[in-house]
Amino acid sequence: MRNMIKNVFGWLESRKDLFNKIMPYFLMVYFFLISCPYIFAPWPFLNNIFSNSNTALVLRALFLLLYALFALILLIANKMHLDMKWLLVCVILFILFVLSAILVPKQLGGYSFYFTGKVQYKSTTIGVMSILTHIARFGGDLLCFYFLFTVYARLFQNKNQFTWIIFPCILIALFGCCYAVVFQRDIIRGIISDGLSPEHLTANFHSKNEFGIFLFGGSIAIIYIFFTNTHWGFKFLALLLPVFIAFAFLSNCKLAAICILLLIIFGYIYYIVVCWKTKLKISITLISIALILIVGLILICNVDALKNIPVVGKFFEAISNIFKNFKFNSLFGRASEWGIVPLFVNGIYTFIGFCPAVGYEYIMLTTSINGAATIPVYDLHNAYLDFYAYHGIVGLVALVIVYVYLFSLIAKIGKHNKLSAFLIGGITVCGMLFGMAETYTMFISMSANTFVLNILIVGTIFLEAKNYKIFESKEKKQEVLANA
C-alpha cells in the first residue's frame, strides 16, 4: 500500500508541468460551472437542475470536490507544504460556526401587524438538514479560501494566465446585456420612454442584483485584461465598459454602476501614468471614448433645458428617464434592516456569530413583523455586517487579518513596482466598496459572485510577491532566526 501511494506521488510529480499548465483552464471551467445557478433563470429545465435545492446541493458538492481534488493534485505534484497559519484560521472559524449551530434556538415566532388591522402569529422551525447544509456550505467557503491561498494563487507563472479564467465573466455579462435587448426590450423601452421602475430588468438572471454583480465582475475582468494582457486585440474590450455601466444604470444597480465608473476613472488615471511619455496609442483612445461617453451621459441627464432642443431633445429626455430611479440616497437599500442585527447577535453570539440557518429566518420573520421592509428579506446587503452577524467578532477579525495581510504584500510590491501595486490595490478597494451594499464577501467564499476578484487579487499579489522574491526573503529571515 505504501509503495502504491509512493508510486502515485511519483507519477504526479513527474507530470507537474502538465498540471500547472492546465490549471488556468481548469479554473475557467470551474468558474462557469459555479455560475450556472445564476444564469439560466429564463429556461425552466436548466434552471431547475442548477437552482433546485436538492440538485443544486449535489452539484455544488461535486464542483467543490473537483476543486479540492485538483488542488491536492497540484499540492503533491509541486511538493508544496500546507500553510499552517491559514489552516489554523479555518479550523477556529469552523469550530465556532458549529458551536453556534448547536447553541442557537431552533424555533422562532412573533405577531405580525398588517396595515389592514389584521394580526397574525408567525412561527418557524429550523430543521436539522437546514443547519447541516449551512455547516457544509461554510466548510466549502473555508476550503475554497484555504486552497486559493495555499495552492492555486502560488502557481501562476504570468498575468496572461488570468485572462482565460476571468474571460467567461465578461461573456456572461455581455450575454445578459444581449438577452435584455432581445427579450426584455419592452421593459427597456418603458424605462427609457416613461421612466418606469427598472426592478424587472433582470436579463437572464433571477434578480437585478445578480445581473449587477456579473456586470461588475465583467468590468473588473476587462480592466485587468486591458492593462495586463499583451495581445492588442484585448484592448477593444474597453468598448464594452459603457455597455455594462449603461445596463447597471438601466437595472438600477446603484453600487455596481458607481463601482464600474470608479474602475474606469481609476483605469484611466493608471494608463495616463503608464503612457505619459509615450505616443498616443489606440488603447488610451478607446478608454478615453468610454470615459467621455459615460461622464457625458451622466452630466446631460441633469440639464432639463436640453430636453427642449428639437430632434435631440427626445434623446436627452430618454437619458434623464434612465436616471429617474437612480437615487444616491437609497444607495444602501437594506440599511433599514441593519438595526435588526443586535436583536439576535448578542451575548456569546457576539463573539462566535449567529448560525445563518436560524439568522436568515430570524431576519425574514422580524422584517415582516416590524415592517422594517416592504417584503421579508434575509440578506443584509452588507458583506461586513453579514460576516459579523453569522461569524461574530472572531470571524470579522479573521477577515480583517486577511485584508491586512494582502495589503501588506501590496505595500511591499509597491517598493519594487508602484504601478502594479496601484493596479491591484485599486481593484481591491473597488471590491471592498462593492461589499458595502452587497453580500459580497471576498476571499472566504465559494460563490461565483466573488470568484473573479478572489483569483485576480490573491493570484496577482502572490505572483508579484514571487517575482520580487518577497516570500523568499521572508523565508530566509525565518531560517536566520531559527539558526540563531
Can you give each donor-acceptor pair under 3.5 Å made by side-chain atoms of residues 26-46, sequence neighbours left out, with the distance rounded to 0.1 Å?
{"residue": "S35", "atom": "OG", "partner": "F31", "partner atom": "O", "Å": "2.7"}
{"residue": "Y38", "atom": "OH", "partner": "S447", "partner atom": "OG", "Å": "3.2"}

Ignoring hydrogens and angles, write down the donor-acceptor pairs under 3.5 Å from the side chains of residues 143-154, residues two or more places apart or on other chains.
{"residue": "Y146", "atom": "OH", "partner": "D83", "partner atom": "N", "Å": "3.1"}
{"residue": "Y146", "atom": "OH", "partner": "D83", "partner atom": "O", "Å": "3.3"}
{"residue": "T150", "atom": "OG1", "partner": "Y146", "partner atom": "O", "Å": "2.8"}
{"residue": "Y152", "atom": "OH", "partner": "Y67", "partner atom": "O", "Å": "2.6"}
{"residue": "Y152", "atom": "OH", "partner": "A71", "partner atom": "N", "Å": "3.2"}
{"residue": "R154", "atom": "NE", "partner": "F149", "partner atom": "O", "Å": "3.0"}

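In this structure, CG on L240 lies 11.5 Å from CZ on F247, to the nearest 0.5 angstrom. Note: H391 NE2 to C355 SG = 9.0 Å, rounded to the nearest 0.5 Å. Expressed to the nearest 0.5 Å, how far CD1 of I165 lies from OH of Y25 amounts to 10.0 Å. Between I166 atom CD1 and I222 atom CD1 the span is 9.5 Å, to the nearest 0.5 Å. Rounded to the nearest 0.5 angstrom, N204 CG and C178 SG are separated by 10.0 Å. In this structure, N229 CG and N160 CG are separated by 4.5 Å, a value rounded to the nearest 0.5 Å.
Applying the salt bridge (Lys or Arg N to Asp or Glu O under 4.0 Å) rule to pairs touching residues 241-250 yields nothing, sequence neighbours excluded.
Here the side chain of K466 pairs no donor or acceptor atom with the backbone of Q157 at under 3.5 angstrom. The closest donor-acceptor contact from the side chain of T55 to the backbone of N48 lies under 3.5 Å. Remark: side-chain polar atoms of S130 are not paired, donor with acceptor, to backbone N or O of I126 under 3.5 angstrom. A donor-acceptor pair under 3.5 Å links the side-chain atoms of Q184 to the main chain of A203, judged by distance alone. The backbone N or O of H206 sits less than 3.5 Å from a side-chain atom of E210, completing a donor-acceptor pair.
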Practice task
May I have the step-by-step check of side chain to side chain contact (heavy atoms under 4.5 Å, CB included) for V89 and I401, ending in yes or no?
Solution key: CA-CA 10 Å; V89 169; I401 289 173; 5.8 Å; no

Exercise for the section: List the steps and the verdict of ring pair (Phe, Tyr, Trp, His ring centres under 6.0 Å) for F434 and F216. Expected result: CA-CA 9 Å; F434 195 70; F216 175 64; 4.3 Å; yes

Exercise for the section: For side chain to side chain contact (heavy atoms under 4.5 Å, CB included), just list the numbers for L59 and F63, CA-CA rounded to whole Å, side-chain angles, deciding distance to a tenth of an Å, and then say yes or no. Expected result: CA-CA 6 Å; L59 288 173; F63 301 155; 4.1 Å; yes

Practice task
Apply ring pair (Phe, Tyr, Trp, His ring centres under 6.0 Å) to F94 and F138, showing your working.
Solution key: CA-CA 8 Å; F94 188 73; F138 186 58; 7.0 Å; no

Problem - Verdict with reasoning, L406 to T428, per side chain to side chain contact (heavy atoms under 4.5 Å, CB included) - result: CA-CA 9 Å; L406 292 175; T428 306; over 6 Å; no

Problem - Intermediate values then yes/no, side chain to side chain contact (heavy atoms under 4.5 Å, CB included), C177 and L215 - result: CA-CA 9 Å; C177 297; L215 289 171; 3.8 Å; yes

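At least one side-chain heavy atom of F167 sits under 4.5 Å from a side-chain heavy atom of L237. Counting heavy atoms from C-beta outward, K159 and L463 have side chains that approach closer than 4.5 Å. Looking at heavy atoms from C-beta onward, T228 lies in side-chain contact with L423 at the 4.5 angstrom threshold. Inter-residue side-chain proximity for I22 and F19 is flagged as met; some heavy-atom pair is nearer than 4.5 Å. Looking only at side-chain heavy atoms (C-beta outward), F226 and F234 stay at 4.5 Å or farther from each other. Put simply, the side chain of T441 does not reach to within 4.5 Å of the side chain of D141, judged on heavy atoms. Side-chain contact between R137 and M446 is present, with heavy atoms from C-beta onward closer than 4.5 Å.
For K208 against T202, the heavy-atom pair with the smallest separation is N-CG2, 3.5 Å. Nearest heavy atoms, F97 versus H134: CE2-O, 3.5 Å. In this structure, I131 and A101 approach most closely via the heavy-atom pair CG2-CB, 3.6 Å. Closest of all the heavy-atom pairs between L201 and A180 is CD1-CB, 4.0 Å. For the residue pair G218 and F244, the shortest heavy atom distance occurs at C-CE1, 4.0 Å. When all heavy atoms of I223 and F227 are compared, the pair lying nearest together is O-CD1, 3.1 Å.
No donor-acceptor contact under 3.5 angstrom links the side chains of Y224 and T163, judged on distance only. For S445 and T450, the side-chain atoms include at least one donor-acceptor pair closer than 3.5 Å.
Between F205 and F214, a ring centre-to-centre spacing shorter than 6.0 Å is recorded.
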